[in-house]
Amino acid sequence: MEPTAPILFYDGSCGLCDRAVQWCLRHDRRGVLRFAPLQGPTYAALSMPGKPAALDTLVLLEDGALHLRSDAVRRIARHAGGPWSALARCAGVFPRRLRDAAYDFVARRRLRWFGAADACRVPDASVRARFLP
C-alpha cells in the first residue's frame with residue numbers, strides 16, 4: 001500500500017459510518033482506501049488547516065488535502081469505480097451547498113436512524129493492513 005494512499009477518517013462509534021466503511025471494503029476493488037477512526041491517534045496527529053474537530057462528518061485525506069462531507073462521499077464513490085464513479089460525477093452537477101445540506105440532514109440523524117456501533121469490528125487478515133489506529 002502506498003504511503004500516500006487516501007485515508008478515510010470515520011466516526012468509530014457510528015453505525016452508519018461502520019456501514020460506510022464496510023461498503024468501501026466491498027466496492028474499492030483496487031484496495032486503495034485506508035481507514036482510521038476520527039477518535040484515534042492517526043487523526044489526532046493530523047495537523048492541517050481546515051481539519052474539523054467535530055465527529056459528525058467523514059473526512060477524506062487525499063492528495064495532501066482534506067475533503068469533507070459530500071465532497072468526501074463523491075471521491076469515495078470514484079474509488080469504487082463502475083456505476084458509483086458515474087453517480088459521483090452526476091452528483092457534481094449539484095452545487096456543493098445543496099449536496100452538503102443533504103449530507104448534513106443525514107448526519108444530524110445518523111445515530112437515531114442507524115444507531116451506535118456496538119463495538120469496533122476486528123478486520124480480517126485480508127484487510128487489516130488498510131486500517132490505521
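In this chain, numbering begins with 1 at the start of the sequence shown. Values in this document were obtained by computation on a predicted structure and should not be read as measured data.
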Q.
The criterion is side-chain hydrogen bond (donor to acceptor under 3.5 Å, both in side chains); which residues satisfy it with D100, sequence neighbours excluded?
A. S70
**Q.** Separation between SG of C14 and CD of Q39, rounded to the nearest 0.5 Å
**A.** 9.5 Å
Q. For the atom pair CZ (R26) and SG (C24), what is the distance rounded to the nearest 0.5 Å?
A. 9.5 Å
Q) Taking ILVMFWY side chains as joined if any heavy atoms are under 4.5 angstrom apart, and letting links pass through other members, which residues group with L98? A) V93, F94
Q. Does a side-chain heavy-atom distance below 4.5 Å link L58 with L68?
A. no
Donor-acceptor contacts under 3.5 Å from residues 77-91 side chains, at least two apart:
| from | atom 1 | to | atom 2 | distance (Å) |
| --- | --- | --- | --- | --- |
| H79 | NE2 | E62 | OE2 | 2.7 |
| S85 | OG | R89 | NH1 | 3.2 |

Q. Which atom pair, heavy atoms only, marks the closest approach of I76 to W23?
A. CG2-CZ3, 4.2 Å
Q: Please check if V21 and L111 belong to a single hydrophobic cluster, counting links between Ile, Leu, Val, Met, Phe, Trp and Tyr side chain heavy atoms closer than 4.5 Å.
A: no
Q) Which residues, ordered by chain and number, are linked to F105 in its hydrophobic cluster, where ILVMFWY side chains connect at heavy-atom gaps below 4.5 Å, directly or through other members? A) L16, V106, W113, F114
Q. Could you give the distance from CZ (R99) to CZ (R97), rounded to the nearest 0.5 Å?
A. 13.0 Å
Q: With sequence neighbours left out, write down each residue that passes salt bridge (charged side-chain N to carboxylate O under 4.0 Å, His left out) with D28, or none if nothing qualifies.
A: R130
Q. Can you name the side-chain contact (heavy atoms from CB on, under 4.5 Å) partners of L61, sequence neighbours left out?
A. I7, F9, L46, M48, L66
Q: Measure from the side-chain N and O atoms of R75 to the backbone N and O of L60, and report whether any donor-acceptor pair falls under 3.5 Å.
A: no
Q) What pairs meet the salt bridge (Lys or Arg N to Asp or Glu O under 4.0 Å) rule with one or both residues in residues 38-51, with sequence neighbours excluded? A) none
Q) Say you draw a straight line from NE2 of H27 to CG of L33; how long is it, rounded to the nearest 0.5 Å? A) 12.5 Å
(Q) Applying ring-ring contact (aromatic ring centres under 6.0 Å, His included), can you list everything that pairs with F131, at least two apart in sequence or on another chain? (A) F35
Q | For P41, side-chain contact (heavy atoms from CB on, under 4.5 Å) partners two or more places apart | A | P133
Q: Quick one: closest heavy-atom pair of P52 and Y43, and the distance?
A: O-OH, 2.6 Å
Q: Any ring pair (Phe, Tyr, Trp, His ring centres under 6.0 Å) involving residues 50-75? Give me the pairs, sequence neighbours left out, ordered by first then second residue.
A: none
Q. Roughly how far apart are S13 OG and D18 CG, rounded to 0.5 Å?
A. 10.5 Å
(Q) By the salt bridge (Lys or Arg N to Asp or Glu O under 4.0 Å) test, which pairs, at least two apart or in different chains, include something from residues 101-116? (A) D11-R110, R69-D104
